[in-house]
Amino acid sequence: MSLIQTIKEIAVQSVKIAFDHEVTSQDISVNDTKAEFEGEYTIVTFGLTKILRKKPEEIAEALGAEMKNNSLIADYNIIKGFLNLSISDASYLDYLKKSLHQDWNSIIPKQGKKIMVEFSSPNTNKPLHFGHLRNNFLGDAVSRIYEAAGYNVCKANLINDRGIHICKSMLAWQKFGEGATPESTGTKGDHLVGEYYVKFNNEYKKEIAILTEQGKTEKEAEREAPLFLEAQEMLRKWEAGDKEVVGLWETMNQWVYDGFDKTYESLGITFDRVYHESKTYLLGKAQVDAGLAKGVFFKKEDGSVWINLEADGLDEKLVLRADGTSVYITQDIGTAELKFEDEAMQRSVYVIGDEQNYHMKVLKLILEKLEKPYAPGVHHLSYGMVELPHGKMKSREGTAVDADDMIAEMLQIAQDNTEALGKVDGFTEAALSELYNTIGLGALKFYLLRVDPKKKMIFNPEESIDFQGFTGPFVQYTHARLSSILRKAGDIGTTMSETINADEKSLIYQLEKFATVIEQAAEEYNPSLICNYIFNLAKNMNSFLANNQILNADSDAEKNTRLYIAQHTKNTIAKGLNVLGISAPERM
RNA sequence: GGUUCCGUAGCUCAGCUGGAUAGAGCAUCAGAUUUCUAAUCUGACGGUCGCGCGUUCGAAUCGCGCCGGGAUCACCA
């Protein structure tokens, strides 16, 4: 049980003794004590005035006196209606000793529940850009956070490998590619295909311009441009199983997969299951038939199938075309069923940008109306777009910041900084390369994860990502410092101090909150809470190191106590970074 | 227009299930290195929490109305 929860329980019992009144722990409001007052936790008694029919000061006084009988509470003071509690040194030291047996793989014990996290979900017509990195890092981090929160996690990737946009790249390659391959051009496969996607759109724009000059409206021109018609024809051929088209599709997709594999590897991201839309897009039809029989869906005269969501404040939504072909949502209904057959999970998270909020709302509603057992567990982890100072990143216009370029640049900056600081001594070539990877990726991941997911964020490529202050390298650096001290210390003795100073208390106090933060981050699907937590912890630790000696402490007991704190802080930082998908270096 | 998200220091962001004098990082300025890693630490400067009204002991936080910005409202995915 967390310390804050324990305090609430004690308060509940104390209220019963002092006022002969039954309250629950939810009636007790406990906050962190403001820095300028004595104590660590504060009970706000205003909320109890109505229940107990007494003045705040009276409640605080009687409650404080009663709570002090518990050995956890060393002292209390009252300011207005605020009851500030000081926790006893012995309690903090007890916690510190217990923490040595912490299971760092799963901070919270396993509960036998399973969660699937779908993320990344790339299109196979272009390489990943900076915005996609936010998706990948979020999905990976949330997966790891749930793992630490006691869930069994299945990471899934649903590859969007069919549709008109894929045909666009294919068509442009056919027309302008002159047989270029990744090998012949020395280009990474996803980048090569992406070039033709941009090429298509450039040529397409030219055709539209010509048509509008001839007096067509914008919309007419878009629909009548020869390239667009050809792309549509290609999609029809693909759906019909045309050998040549399918062959080209397989070849070019493979180029992209090879490229993605390299990117995922450099990001340190893996998946437990990979789904392909080309294989799942037909699965939804059976679900639609079943829903039709149930009366959840209805058929229009032309044979198209719809659902009426007006009662839920939405419109009618198409779920199957008149010609029997599936739309986006049909595929999603099918995939949801397939996922559940595969994993029978309690929760299913979709990491998808906030431009699809409406779509995901519709999907969840449909699954609920179909009375799917997994419907309540569906959660859309909606995140804001990453924007450039000039506007959104668009692959088709070639304005996106490429993910591979960004990674390479971060590694380079990591190397430059390390060399400039003269910290390369004692490293082998391979260890240095690993270190640059650790620091560069750490900076990148932390940068994208430190902001609340639902907020859009602006990234200015002109300003490089920082390595100082609220950053990954700052936290990593603290870990390396602690590692260094602990290496020098060797085995830690068992005798410990009886009392602790304010700096020590502050650290233990903070360390105790880690499990609660993990829980909260999981509940809110929000890795930024971890970023904030470990940054503050690292800051506190650095400050501690500036004011306190560890290896040259006044006594063995004090030294041991501080080494335990250092060890626990190091472990906590390492685990905190780990759930963000960031490595913690032993030296840097 | 409907729905929805956002608006906090020069910049990037915390805080939002109501609590005490609103916090960090960057930037700027001033300091700290014979001592466990200075990618660090200490301090200063910096705010009508978009605006207004309401709810109440108490509002950055909750409600309503404005203003400003984004997303979405496809037989595209």
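For A:Asp452 against B:C13, no side-chain N or O and base N or O form a donor-acceptor pair under 3.5 Å. You won't find any donor-acceptor pair under 3.5 Å spanning the side chain of A:Thr471 and the base of B:A39, going by distance alone. For A:Asn84 against B:A20, a side-chain-to-base donor-acceptor contact under 3.5 Å is present.
Contact check, A:Lys423 against B:A38: no side-chain N or O comes under 4.0 Å of OP1 or OP2. Residue A:Tyr477 places at least one side-chain N or O under 4.0 Å from the OP1 or OP2 atom of B:A39. Remark: A:Arg487 is not in phosphate contact with B:U37, judged by side-chain N or O atoms under 4.0 Å from OP1 or OP2. Taking side-chain N and O atoms only, A:Ser484 has a distance below 4.0 Å to OP1 or OP2 of B:U37. Close to B:C75, at under 4.0 Å from its OP1 or OP2, lies no side-chain N or O of A:Arg223. Side-chain N/O atoms of A:Thr42 include none lying less than 4.0 angstrom from OP1 or OP2 on B:G19. Under 4.0 angstrom from either OP1 or OP2 of B:A20 there lies at least one side-chain N or O belonging to A:Lys34.
A distance cut-off of 5.5 Å between ring centres, combined with a plane angle under 30°, places A:Phe46 in a stacking arrangement with the base of B:G19. The ring of A:Phe37 lies on top of the base of B:A20, close enough and flat enough: under 5.5 Å between centres, under 30° between planes.
Stacking of A:Lys423 on the aromatic ring of A:Tyr477 is not recorded, the 6.0 Å distance cut-off and the 45° axial limit not both being met. For A:Arg450 and A:Phe535, the positive end is not near the middle of the six-membered ring at less than 6.0 Å and at most 45° from its axis.
Sequence order on RNA chain B of the closest nucleotides to A:Thr49 and A:Ser29 puts A:Ser29 first from the 5' end. Residue order along RNA chain B, read from the 5' end via each residue's closest nucleotide, puts A:Gly469 first among A:His165 and A:Gly469.
Relative to the side chain of A:Thr33, the nucleotides B:A20, B:U37, B:C75 differ in distance, and B:A20 lies closest. Of the candidate nucleotides B:U72, B:C6, B:G70, B:C6 has the atom nearest to the side chain of A:Lys455. Side chain of A:Val44, nearest nucleotide from B:U42, B:C36, B:G19: B:G19. Checked against B:A39, B:C36, B:G70, the side chain of A:Glu387 finds its nearest nucleotide in B:G70. Of the listed nucleotides (B:G19, B:U40, B:C13), B:C13 has the atom at the smallest distance from the side chain of A:Met457. Here the side chain of A:Arg481 is nearest to one of B:A20, B:U40, B:C76, namely B:U40. Among the nucleotides B:U72, B:A20, B:A39, the one closest to any side-chain atom of A:Phe82 is B:A20. Checking B:A77, B:G19, B:C75 against every side-chain atom of A:Glu277, the shortest atom distance belongs to B:A77. Counting only heavy atoms from C-beta on, A:Lys539 has its side chain closest to B:C41 among B:U12, B:A77, B:C41. Considering only the side chain of A:Phe535, B:G25 comes nearest among B:G25, B:A39, B:U37.
One atom, NE2 of A:His380, and another, P of B:U72, lie 12 Å apart when rounded to the nearest Å. As a whole-Å value, the separation of A:Lys300 NZ from B:C75 P is 9 Å. When the C1' atom of B:A39 is taken as reference, atom CG of A:Leu482 falls 14 Å away, rounded to whole Å. To the nearest angstrom, C1' of B:A14 lies 12 Å from NZ of A:Lys454. Atom pair A:His359:NE2 and B:U3:P shows a separation of 22 Å (rounding to whole Å applied). For the pair A:Phe474 CZ and B:C13 P, the interatomic distance rounds to 20 Å; values are reported in whole Å. Separating the CZ atom of A:Arg450 from the P atom of B:C26 is a distance of 10 Å, rounded to the nearest angstrom. Going from atom CZ of A:Phe544 over to atom C1' of B:C41 covers 14 Å, rounded to whole Å.
Spacing between B:G18 and B:G58 at atom P, rounded to whole Å, works out to 16 Å. With both ends at atom P, the span from B:C11 to B:U28 equals 16 Å, rounded to whole Å. As rounded to the nearest Å, B:C13 and B:C73 have P atoms that lie 26 Å from one another. Using atom P as the reference point in both B:A20 and B:C62, the two lie 15 Å apart (nearest Å). Across B:U17 and B:A9, the matching C1' atoms stand 27 Å from one another, rounded to whole Å. B:U55 and B:U12: their P atoms are spaced 36 Å apart (whole Å). Rounded to whole Å, the separation between the P atoms of B:A30 and B:U72 comes to 48 Å. Using atom P as the reference point in both B:U34 and B:A39, the two lie 16 Å apart (nearest Å).
Side-chain contact between A:Leu314 and A:Tyr358: present, with at least one pair of heavy atoms (C-beta onward) separated by less than 4.5 Å. A:Leu133 places none of its side-chain heavy atoms less than 4.5 Å from the side chain of A:Leu128.
Using a distance-only test at 3.5 Å, with no hydrogens or angles considered, no donor-acceptor pair links the side chain of A:Thr325 to the main chain of A:Arg321. In this structure a side-chain-to-backbone donor-acceptor pair under 3.5 Å is present from A:Ser483 to A:His479.
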Kindly determine whether A:Met360 and A:Leu363 satisfy side chain to side chain contact (heavy atoms under 4.5 Å, CB included), including the steps that lead there.
CA-CA 5 Å; A:Met360 289 304 296; A:Leu363 176 64; 4.0 Å; yes

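Remark: aromatic rings of A:Phe446 and A:Phe467 are distant, center separation not under 6.0 Å.
With a cut-off of 3.5 Å on both Watson-Crick or G-U wobble distances, the partner of B:G52 is given as B:C64. Across all strands shown, B:C57 forms a Watson-Crick or G-U wobble pair, both distances under 3.5 Å, with B:G19.
The environment of A:Gln26 atom CD is sparse: at most 12 non-hydrogen atoms of other residues, nucleotides or ligands sit within 6.0 angstrom.
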